[in-house]
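For ligands, and for the atoms within them, numbers begin at 1 and follow the listed sequence. Basis for what follows: all heavy atoms, side chains included, without hydrogens, waters or symmetry-related copies. This one's a predicted model, so the numbers in the text were calculated from it and none came from an experiment.
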Amino acid sequence: MTYPLLVVTAVAAEADAVRAGSDPRNVAAEPVGVGPAAAAAGTARLLATGHYRAVISAGIAGGFPGRAPVGGTVLGTRSIAADLGAESPEGFLPIEELGFGRSVLAADPVLLKGLLAALPEAIAGDVLTLATVTGTAATADALAARFPQAVAEAMEGFGVATAAAGAGLPFAELRTISNPIGPRDRDAWRLKEAFTALSTASGALWTACG
Ligand SMILES: O=C(O)c1cccc(C(=O)CC[C@H]2O[C@@H](n3cnc4c(=O)[nH]cnc43)[C@H](O)[C@@H]2O)c1
């Protein structure tokens with residue numbers, strides 16, 4: 001028996017976009033909710049079935065201006081919980097500096113290599129996971145400075161990665177860019193473009209995983 005690839009999304013519209021571009025015989029797309037907690041809990045529940053061979057966190061995301069354009073496709077080299085830590089007068093302290101765990105999980109190198117080969121147009125870089133969508137220029141600038149290799153932010157990747165690590169399965173993050181990260185401007189979101197790009201990219205998932 002060949003175990004399918006599990007693609008975890010936040011919402012049903014993202015799962016539909018993945019299904020539209022992939023073969024249900026080898027790719028299972030499941031929505032588990034928005035945010036890192038829902039993503040971790042939902043992914044762990046799905047992986048407990050033992051039915052899957054690898055896990056991908058997929059969906060739409062904000063792109064850092066100048067690093068990932070709206071409509072573009074991004075592959076996460078690392079998924080980073082950017083707000084996991086503590087504020088201090090000297091700046092943000094990641095959880096590693098507090099001694100309580102980790103905020104960075106790297107994509108599986110073999111899976112990532114396959115995805116990069118199958119999606120040569122994709123932009124590779126760190127993808128941030130935040131519980132709050134960035135909505136000001138100040139926060140966007142601070143994140144861009146703290147994470148010079150970050151190309152995108154979303155709300156689930158680190159949660160999915162944590163569940164995949166717990167299950168001992170390969171993990172990667174695939175995002176298509178719906179909006180620039182910065183001052184909140186709902187009219188600037190290009191959902192249709194991002195969902196179309198997600199369907200297109202999903203066509204390459206099984207090849208990359210094989
Ligand atoms: O602000 C709104 O009115 C609004 C309307 C629909 C959806 C949202 C979301 O925040 C969706 C979040 C959802 O999409 C991912 N995502 C997309 N862009 C970003 C972003 O710039 N920063 C963080 N997350 C983003 C995220 O993974 C969620 O699943 C808002």
Sequence neighbours excluded - salt bridge (charged side-chain N to carboxylate O under 4.0 Å, His left out) pairs with any residue from residues 107-135:
Arg78-Asp126
Check: Glu97 side chain, Pro94 main-chain N or O, donor-acceptor pair, under 3.5 Å
no
For residues Ala107 and Gly76, report the shortest heavy-atom separation together with the two atoms involved.
CB-O, 3.4 Å
Using salt bridge (charged side-chain N to carboxylate O under 4.0 Å, His left out) as the criterion, list what pairs up with Arg19, not counting sequence neighbours.
Asp16
Please say whether more than 12 non-hydrogen atoms of neighbouring residues, nucleotides or ligands are located less than 6.0 Å from CZ in Arg102.
no
Under the salt bridge (charged side-chain N to carboxylate O under 4.0 Å, His left out) rule, what pairs show up with a residue in residues 162-174, not counting sequence neighbours?
Glu173-Arg175
Sorted by chain and residue number, the residues with a non-hydrogen atom under 4.0 Å of ligand 1 are Ala10, Ile60, Ala61, Gly62, Val133, Glu153, Ala154, Met155, Glu156, Arg175, Ser178, Asn179, Arg184, Arg186, Trp189
